[in-house]
J.: 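A single structure is presented below for examination.
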2 protein chains.
Amino acid sequence: MSETTGPKETRARSTKRTSGKNQAPTIYDIAEMAGVNPSTVSRALSKPGRVSAKTQKVIEEAAKELHYQVNMFARALPTGRTQTIGLIVADITNPAYFDIIRGAETAAAARDYTLMLADSTESAQLELTAARRMLASVDGLILASPRLSDAEIQDLALKKPVAIINRNVAGVASVVAQMNAGVSDAVRHLVALGHTEIAYVAGPERSWMSQNRWECINARCEWSGIKATLLDSEDPTVDGGRRAAVAVRAGSATAIFCYNDLMAIGLLRELQAAGIKVPAELSILGFDNIFGSDFTTPPLSTIKSPLHESGAAALLRILDQLDAEAPVRPDPTLRTELVLRGSTGAKIG
Amino acid sequence: MSETTGPKETRARSTKRTSGKNQAPTIYDIAEMAGVNPSTVSRALSKPGRVSAKTQKVIEEAAKELHYQVNMFARALPTGRTQTIGLIVADITNPAYFDIIRGAETAAAARDYTLMLADSTESAQLELTAARRMLASVDGLILASPRLSDAEIQDLALKKPVAIINRNVAGVASVVAQMNAGVSDAVRHLVALGHTEIAYVAGPERSWMSQNRWECINARCEWSGIKATLLDSEDPTVDGGRRAAVAVRAGSATAIFCYNDLMAIGLLRELQAAGIKVPAELSILGFDNIFGSDFTTPPLSTIKSPLHESGAAALLRILDQLDAEAPVRPDPTLRTELVLRGSTGAKIG
DNA sequence: TTGTATGCGTTATCAA
DNA sequence: TTGATAACGCATACAA
């Protein structure tokens with residue numbers, strides 16, 4: 001079919017090339033322009049150093065002149081590597097994840113990676129589907145607050161590098177901030193204020209993080225000799241927080257931890273709407289320190305999580321797994337911190 | 001090199017296949033299992049209908065049994081199509097973009113596309129770089145509040161489908177909400193409250209949207225016979241809003257529009273910190289209706305933009321350009337709406 | 001150091 | 001309707 005143009009030409013592209021006008025330039029074009037073999041171009045462009053300085057320069061100039069850009073798919077085929085990593089968040093509606101996304105996106109961009117985003121809407125089912133799909137086209141996967149089972153996560157991690165945020169699963173890279181610092185400070189603060197009973201409005205049942213937070217609070221309260229009770233809830237959202245108000249009012253606790261800021265804000269507003277004064281009659285604390293948590297009146301006291309750093313850290317963990325020769329980076333110390341604003345106050349007599 | 005195992009076998013994969021244990025299954029594996037040619041498998045799996053019902057079924061069953069998943073890169077090579085579309089936002093820090101991201105992500109997931117995300121940090125330079133990079137690996141590109149020049153955008157649109165949000169550029173698909181509805185209502189409301197001079201704290205200089213909003217406000221004020229003045233600002237952020245406070249206090253306007261809610265919130269808080277009562281002494285209005293804009297005291301009155309819908313609409317515009325035979329979907333009417341909360345009140349004195 | 005040849009997993013073009 | 005085979009653009013053993 002295609003007439004060989006000469007002995008040197010391995011492959012004749014003339015047909016397509018001459019007809020189509022705006023084809024993206026390939027290494028073949030560069031090779032022709034630079035007077036070298038395509039494979040040399042490939043070498044020069046992918047891993048510099050394996051080609052003489054002179055030809056390197058010639059090739060780079062040709063590439064620049066042609067506005068050459070590597071075809072990611074063509075590269076991905078033989079190597080299996082794309083330059084993108086996936087991020088699946090449990091609920092793209094929660095501002096807490098925005099910070100995680102930011103952190104990951106920023107870190108990715110800095111290392112010349114791009115981010116693929118997906119949302120599981122708190123559904124384990126959808127999460128698994130999304131994860132499988134993504135796994136096929138990314139170099140690694142970050143799961144933020146996954147609802148999957150440990151086994152499922154470990155299974156995913158078998159195929160590609162995986163990092164999870166806000167959860168611990170044996171054998172897979174985890175990024176989870178130390179709850180202890182923030183929680184102890186918070187409980188100590190509450191005790192100093194005279195509170196003797198604390199309640200925790202829990203998050204989703206399958207949430208490892210909610211469990212983790214509760215255990216930490218409970219342990220700390222026990223240590224301080226005060227009572228701690230667990231309150232179930234529906235959704236970890238503003239509305240979920242609102243709906244938790246009845247259970248809160250039914251109980252006798254005078255200080256309330258909420259699973260996250262979203263719930264704390266909902267609870268705060270619902271309580272206020274019912275005429276209850278915060279913090280005069282009831283103290284409220286959230287977790288995360290999301291955008292807007294200081295907009296309320298009173299501004300929300302909360303246990304700040306290093307969300308942005310977590311996103312960045314997770315991405316770096318992926319990259320480490322990718323580069324075999326990567327220096328084993330020490331884990332950044334991710335610690336929570338008590339942010340005292342106006343929603344906590346002295347217990348009233 | 002590779003011994004042909006038989007006349008039917010076009011390609012011998014035995015070497016790799018037997019050694020590597022966990023290779024992803026390919027259409028060759030399916031073909032073998034189903035007793036047909038790989039090309040038939042391809043046909044059956046890509047565009048159903050071009051193969052007999054019987055073989056179709058056999059192939060699908062084999063695919064399911066093998067847990068087959070198409071290799072996106074291999075598919076992208078001949079077709080040029082990946083199933084992902086890119087989204088570049090001007091500032092991933094601004095909650096307004098979160099809603100856009102959500103809208104786009106949701107719409108994408110529904111059509112079985114995935115989203116690639118990038119942030120330009122309000123820099124035209126970075127935006128262009130990101131856009132070029134993305135363009136190479138996506139089917140289409142959404143630019144949210146681009147800082148690029150018209151020419152640059154048109155240039156990008158030449159290569160792949162592009163849709164822009166919050167801006168109009170000749171020849172490229174644009175998604176921009178009608179300002180008029182919200183703004184007229186707002187001005188009318190302010191006039192009814194007795195205000196006779198209004199100021200607009202502008203956004204970034206190169207922002208088409210800021211210009212658009214100002215022109216709409218100005219026209220509306222002229223029509224109503226009240227004065228409107230333009231105030232420059234630095235950043236379209238909470239801090240930028242805070243810094244705009246001095247200019248606001250120096251002026252004589254009694255009602256202030258801010259380019260976006262972020263600035264409005266910053267301005268509100270700075271003013272309050274200086275002892276100025278809102279809305280008693282000064283009325284404040286934002287644009288967008290972002291998450292948290294109702295958390296302030298007083299809650300922010302704002303002109304709500306259909307952010308979520310805009311993101312979704314932009315994605316659909318891309319898909320329409322992609323499918324030549326797609327029905328020319330009528331543009332959804334995206335209109336702004338005045339959301340009255342507590343930050344606007346009667347003019348004093 | 002550079003060139004040759006081949007494979008990566010699909011789709012697409014022809015024949016049959 | 002199905003089979004054979006050539007691209008798609010790049011990377012990489014191997015040879016020179």
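Every chain is numbered from 1 and lettered A, B, ... according to where its sequence line falls, protein lines coming before strand lines.
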J.: I want to verify a distance call: between C/dT11, C/dA12, D/dC10, whose nearest atom is closest to the B/Ser46 side chain?
T.: C/dT11
J.: Tell me the interatomic distance from B/Asn37, atom CG, to C/dT11, atom P, rounded to whole angstroms.
T.: 13 Å
J.: Tell me which pairs pass salt bridge (charged side-chain N to carboxylate O under 4.0 Å, His left out) where either residue lies in residues 43-54 of chain B, with sequence neighbours left out.
T.: none
J.: In whole Å, I'd like the distance from the CD1 atom of A/Ile27 to the C1' atom of C/dG3.
T.: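 So the two atoms are 13 Å apart, to the nearest Å.
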J.: With side-chain contact (heavy atoms from CB on, under 4.5 Å) as the test, pick out the partner of B/Ile30 among B/Val36, B/Thr40, B/Val41.
T.: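 Considering B/Val36, B/Thr40, B/Val41, a side-chain contact (heavy atoms from CB on, under 4.5 Å) with B/Ile30 is found only for B/Val41.
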J.: Could you give the CD-to-P distance, from A/Glu32 to D/dG9, as a whole number of Å?
T.: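 Roughly 14 Å, once rounded to whole Å.
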J.: Sequence neighbours left out, what passes side-chain hydrogen bond (donor to acceptor under 3.5 Å, both in side chains) with B/Asp119? Give chain and number order.
T.: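 Listed in chain order: nothing, the list is empty.
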J.: Identify, with sequence neighbours excluded, every residue that meets side-chain hydrogen bond (donor to acceptor under 3.5 Å, both in side chains) alongside A/Arg75.
T.: none
J.: Test B/Trp208 against every option in B/Val169, B/Ile164, B/Val176, B/Asn166 by the side-chain contact (heavy atoms from CB on, under 4.5 Å) rule and name the one that passes.
T.: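 That would be B/Val176.
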J.: Under 3.5 Å, which donor-acceptor pairs do the side chains of residues 56-65 of chain B form with other protein atoms, sequence neighbours left out?
T.:
unit_1  : atom_1 : unit_2  : atom_2 : d
B/Gln56 : NE2    : B/Ala44 : O      : 3.3
B/Gln56 : NE2    : B/Glu60 : OE2    : 2.8

J.: Short of 4.0 Å, heavy atom to strand atom, which residues of residues 61-80 of chain B count as contacting DNA chain D?
T.: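 Of all residues in residues 61-80 of chain B, the ones placing a heavy atom under 4.0 Å from DNA chain D are B/Leu77, B/Pro78.
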J.: For DNA chain D, produce a single dot-bracket line, 5' to 3'. Pairs: Watson-Crick or G-U wobble, both distances under 3.5 Å. Symbols: ( ) within strand, [ ] crossing, | other strand, . unpaired.
T.: ||||||||||||||||
J.: What pairs meet the salt bridge (charged side-chain N to carboxylate O under 4.0 Å, His left out) rule with one or both residues in residues 163-172 of chain A, with sequence neighbours excluded?
T.: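 The answer is A/Asp150-A/Arg167.
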J.: Of the residues in residues 49-58 of chain A, which ones touch DNA chain D at a heavy-atom distance under 4.0 Å?
T.: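 Heavy-atom contacts with DNA chain D come from no residue of residues 49-58 of chain A; none.
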J.: Looking across every strand, which nucleic acid part, if any, lies under 4.0 Å from A/Val41 by heavy atom: base, sugar-phosphate, or nothing?
T.: nothing
J.: Nearest to the side chain of A/Ser42, which nucleotide is it out of D/dA11, C/dT2, D/dC10?
T.: D/dA11
J.: Does this structure show an ion pair linking A/Asp99 with A/Arg102, if we count only N-O contacts that are shorter than 4.0 Å?
T.: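 Judged by the 4.0 Å cut-off on N to carboxylate O distance, A/Asp99 and A/Arg102 do form a salt bridge.
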J.: Examine D/dA4: is either OP1 or OP2 under 4.0 Å from a nitrogen or oxygen in the side chain of B/Ser39? Give yes or no.
T.: no
J.: In whole Å, what is the span from the CD1 atom of A/Ile30 to the C1' atom of D/dC10?
T.: 11 Å
J.: To the nearest Å, how far apart are A/Arg81 CZ and D/dG9 C1'?
T.: 19 Å
J.: Please name all residues satisfying side-chain hydrogen bond (donor to acceptor under 3.5 Å, both in side chains) with B/Thr55, sequence neighbours left out, ordered by chain then number.
T.: B/Ser52
J.: Using whole Å, report how far CG of A/Leu45 lies from C1' of D/dC10.
T.: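 Answer to the nearest Å: 11 Å.
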J.: Strictly by ring pair (Phe, Tyr, Trp, His ring centres under 6.0 Å), give each pair with a member in residues 51-86 of chain A just once, sequence neighbours left out.
T.: none
J.: Would you kindly give the NZ-to-C1' distance between B/Lys47 and D/dT1, to the nearest whole Å?
T.: 17 Å
J.: For A/Tyr97, what residues pass the ring-ring contact (aromatic ring centres under 6.0 Å, His included) criterion, not counting sequence neighbours?
T.: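 For A/Tyr97, no residue satisfies ring-ring contact (aromatic ring centres under 6.0 Å, His included) once neighbours in sequence are set aside.
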J.: Looking at B/Thr40, does any N or O in its side chain come under 4.0 Å of the phosphate oxygens OP1/OP2 on D/dT2?
T.: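 Answer is no, no contact under 4.0 Å.
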J.: Go through the structure and list residues passing side-chain hydrogen bond (donor to acceptor under 3.5 Å, both in side chains) with B/Glu122, not counting sequence neighbours.
T.: B/Arg147
